[in-house]
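Quick note on labels: first sequence line is chain A, next is B, and so on, each numbered from 1.
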Protein chains: 2
Amino acid sequence: MTTIYDVAKEAGVSPKTVSRVLNDDAPVNVATRAKVETAIVKLGFVRSHAARSMRSQRSGLIGIITGAISTSPGAGEPAGLPDIHIVQGAQRIFAQENLTTLISDTGGHLDRVPELVRTLLEHRVEGLLYVADHHQQVAFPAAGARNRLVLVNCYDDESTPCVLPDDESGQYHLAKGLIERGHTRIGYLTLAERQRAQPLRLAGYRRALAEAGIAFDPALVIPAALMDPAHEYDLLWDALDRLLTLSEPPTVICCANDKMAMRVYGLLRDRGLRVPEDISVAGYDDYRIIADHLHPGLSTVVLPYETMGARAAQRLLRIIRGQQEPGTTSTELVSGPPVWRGSVLSRTANILDFQSIGRNNT
Amino acid sequence: MTTIYDVAKEAGVSPKTVSRVLNDDAPVNVATRAKVETAIVKLGFVRSHAARSMRSQRSGLIGIITGAISTSPGAGEPAGLPDIHIVQGAQRIFAQENLTTLISDTGGHLDRVPELVRTLLEHRVEGLLYVADHHQQVAFPAAGARNRLVLVNCYDDESTPCVLPDDESGQYHLAKGLIERGHTRIGYLTLAERQRAQPLRLAGYRRALAEAGIAFDPALVIPAALMDPAHEYDLLWDALDRLLTLSEPPTVICCANDKMAMRVYGLLRDRGLRVPEDISVAGYDDYRIIADHLHPGLSTVVLPYETMGARAAQRLLRIIRGQQEPGTTSTELVSGPPVWRGSVLSRTANILDFQSIGRNNT
DNA sequence: GCTATTACTGACATCGATGTCATGACATCG
DNA sequence: CGATGTCATGACATCGATGTCAGTAATAGC
């Protein structure tokens with residue numbers, strides 16, 4: 001590899017002058033600069049990041065720890081949008097700031113995290129992002145990075161700064177939108193109880209009902225997702241059956257995520273029900289590949305992973321740069337709007353029209 | 001940051017001895033080693049990668065250039081499995097070898113590639129992987145990395161080593177499997193003509209037909225995917241309509257990818273056709289989120305991205321280490337098997353049964 | 001016309017590790 | 001018992017850049 005010394009010799013100047021040309025540090029005579037630049041091109045010189053960052057004590061690196069890249073197929077994937085989108089959003093911000101991101105993948109083995117953190121620290125990352133694959137509590141072994149760490153999609157009990165999805169608000173706005181569209185019997189196939197998002201979303205659902213003066217009916221809310229996907233299908237079939245055989249069945253079914261909604265499409269079709277003419281369906285996540293391409297398109301709630309990643313990145317930058325945090329709270333919530341596609345029928349426009357459709361097809 | 005000098009002072013030894021403990025280079029007295037290790041823990045010492053790699057001339061870094069992370073929603077996504085799986089496979093191999101991967105994202109801007117390459121070279125990556133988002137020809141500006149570069153999912157005209165999906169074989173085995181299941185009229189909704197995979201897959205389709213002695217009927221093969229997804233939907237509807245209104249319509253429809261198959265599910269349902277009782281459907285990619293969760297499950301062909309990534313990584317390692325390449329060819333094909341799920345009806349078991357089903361529902 | 005800046009350049013030390021070489025204390029061998 | 005080898009350790013140079021400081025020449029200010 002050629003060094004600035006080679007370049008200096010070639011151009012007949014001192015190494016320091018080459019450095020000045022490279023960094024545009026201090027004034028350099030145009031003729032000198034030209035000579036140096038010619039030499040650089042001629043020798044194909046490329047700066048050594050190692051030498052540079054060693055001297056300047058700045059690595060220009062940000063570490064991201066995630067399981068996104070290797071959430072292996074088959075491993076208990078906790079249903080939801082792939083967290084790679086979070087990484088995406090963060091990387092966008094860091095790239096703008098000329099920071100290189102060093103992405104470390106857990107490969108699904110959480111016990112490898114301390115090792116990964118160590119590697120990142122060896123690279124002298126200036127900050128660290130920990131990205132979880134779903135909203136959860138974690139105990140991140142930050143070892144020496146505690147004060148330049150931001151958690152994304154997770155939180156801990158040490159008030160480490162974190163960025164979380166606003167599950168309550170998301171489900172609230174979805175339910176509110178459904179009510180505005182004339183639905184009052186809103187079925188809800190939920191996540192497993194112990195999923196962190198679950199009580200939050202349920203709270204949002206109930207808030208929307210309460211605001212509209214609709215009584216909460218526990219029979220309409222059934223858990224239909226398990227951590228273990230193996231038995232999930234039967235569970236879903238059963239939950240759906242319970243909803244549809246109620247004496248006063250729902251006119252719309254909210255699903256805990258888009259993947260579940262996709263299955264519900266199939267199950268409803270098996271029962272001879274059309275979406276949305278006979279029954280409306282909504283999801284959660286706005287998992288584009290599903291929501292966009294299902295037919296009809298799936299109404300759902302944006303799980304704002306990209307934004308969360310970007311926010312976390314901005315927050316980390318503020319911390320690194322020693323700027324005062326705007327608020328004093330460690331938790332930052334990011335909410336995503338509902339997206340309305342064909343899967344939800346509006347019953348407000350013309351009730352009579354709806355009834356005639358219903359009569360023809362039930 | 002503490003250095004080995006600090007550790008040396010704390011432990012009362014020379015820096016070199018600390019280095020020896022760290023690298024387990026040369027024999028160190030157990031008592032000395034203990035002192036050093038204690039000092040390391042006490043001071044929270046972490047090696048500097050920069051200094052290390054500068055001296056040893058080994059970075060332990062591999063660069064990966066991809067658009068995987070930021071194939072932004074909305075940008076003309078060329079339908080297919082997200083290339084993140086390729087990165088995944090490669091990273092698995094590199095992690096085994098204690099190499100850290102530096103993932104550079106094009107952010108969808110191909111013109112940023114030279115800049116990314118430069119950054120990677122500044123980090124003195126020992127090898128470079130370029131990952132494309134679909135099977136295509138590229139002109140990669142390798143600038144100085146030409147001899148430690150492997151292309152994945154793409155190839156160039158300079159015989160750079162590359163790893164590609166075996167599209168011919170994939171479609172061949174799918175069609176062969178369909179024929180074995182009693183299908184002879186096999187509809188095929190293809191990719192756009194200029195997609196590299198298209199002629200290859202068509203060749204596979206025709207080879208299977210030829211081997212079974214079935215005449216090729218051009219009316220059964222219709223392009224239904226565009227590079228621009230905006231008009232794709234109408235195109236697909238029209239293509240499907242043409243297939244279904246043939247005097248002798250197909251008993252199965254092969255789609256260019258799983259996403260298209262998902263849409264076809266919906267369109268077929270609109271026409272009152274049941275999958276697979278009335279018509280079978282097959283996809284391509286084995287995009288798990290779709291293929292697994294559609295109802296019924298989608299029969300498709302594995303696009304072996306994870307394996308391709310791993311193979312490319314292994315190949316790059318061989319190149320870096322100066323080991324002789326096994327073959328002399330620059331191109332390495334990786335084939336993926338068909339996966340049979342519920343969307344394809346076997347007509348071989350009992351033809352009469354099938355006919356009765358058909359009569360009831362047509 | 002003399003001082004105060006500014007433009008431009010280079011010598012040298014330094015960042016934090018490791019490679020090379022030297023050295024002393026023992027152990028082993030013939 | 002002397003020659004040789006191994007263990008254990010440290011002094012010193014070095015990797016490739018940049019920060020500090022110094023110095024010269026040209027320009028500006030009064």
Side-chain angles (χ1 to χ4, degrees), chain A residues 1-37 39-40 43-61 98 100 118-126 144, chain B residues 1-37 39-40 43-61 98 100 118-126 144:
Chain A
M1 273 288 159
T2 62
T3 71
I4 51 168
Y5 296 93
D6 303 324
V7 174
K9 192 177 294 176
E10 173 76 25
V13 299
S14 77
K16 180 69 218 194
T17 296
V18 177
S19 169
R20 281 193 264 261
V21 171
L22 289 171
N23 296 289
D24 213 13
D25 250 336
V28 174
N29 188 286
V30 275
T32 313
R33 161 169 272 124
K35 277 192 301 184
V36 171
E37 279 167 351
I40 286 176
L43 300 180
F45 166 79
V46 178
R47 288 223 266 319
S48 157
H49 171 88
R52 210 158 128 74
S53 79
M54 186 167 155
R55 185 70 248 255
S56 67
Q57 302 288 54
R58 287 202 60 250
S59 69
L61 289 171
N98 269 317
T100 303
R118 163 157 292 264
T119 302
L120 293 177
L121 289 178
E122 286 186 1
H123 284 268
R124 295 290 186 270
V125 292
E126 296 172 17
Chain B
M1 271 290 158
T2 62
T3 71
I4 51 167
Y5 296 93
D6 304 324
V7 174
K9 190 177 295 176
E10 173 76 24
V13 299
S14 77
K16 180 70 220 195
T17 297
V18 177
S19 169
R20 279 193 265 262
V21 170
L22 289 171
N23 296 290
D24 214 12
D25 250 337
V28 174
N29 186 288
V30 276
T32 312
R33 161 168 274 127
K35 276 192 299 182
V36 171
E37 281 167 349
I40 288 176
L43 301 180
F45 166 79
V46 178
R47 290 221 265 322
S48 158
H49 173 87
R52 210 160 130 74
S53 80
M54 186 167 157
R55 185 70 246 257
S56 67
Q57 302 287 53
R58 289 201 59 248
S59 69
L61 290 171
N98 268 318
T100 302
R118 163 157 292 267
T119 301
L120 293 177
L121 289 178
E122 286 185 0
H123 282 269
R124 296 289 187 271
V125 293
E126 296 172 18

Listed by chain and number, what are the salt bridge (Lys or Arg N to Asp or Glu O under 4.0 Å) partners of A/R58, not counting sequence neighbours? A/E126

Counting any heavy atom closer than 4.0 Å, what does A/S53 reach on the DNA or RNA strands: base, sugar-phosphate only, or nothing? nothing

Here the gap from A/R124 atom CZ to B/M1 atom CE, rounded to the nearest 0.5 Å, amounts to 5.0 Å

Counting primed atoms, P, OP1 and OP2 as sugar-phosphate and everything else as base, the B/S/- map of nucleotides 12-20 of chain D against protein heavy atoms under 4.0 Å is -BBBBBBBB

Is the CZ atom of B/R118 crowded by more than 12 outside heavy atoms at less than 6.0 Å? no

So which atom in A/V125 and which in A/S59 form the shortest heavy-atom distance, rounded to 0.1 Å? CA-OG, 3.9 Å

Pairing partner (Watson-Crick or G-U wobble, both distances under 3.5 angstrom) of C/dC29: D/dG2

Using every non-hydrogen atom in the two residues, find where A/V7 and A/V36 come nearest and quote the distance to one decimal. CG1-O, 4.1 Å

In the structure shown, which nucleotide is the Watson-Crick or G-U wobble counterpart of C/dT9, with both distances under 3.5 Å? D/dA22

Find the distance A/N29:CG to C/dT6:C1' and express it as a whole number of Å. 14 Å

Which pair of non-hydrogen atoms, one from A/T32 and one from A/V28, has the smallest distance, and what is that distance? CB-CG1, 3.9 Å

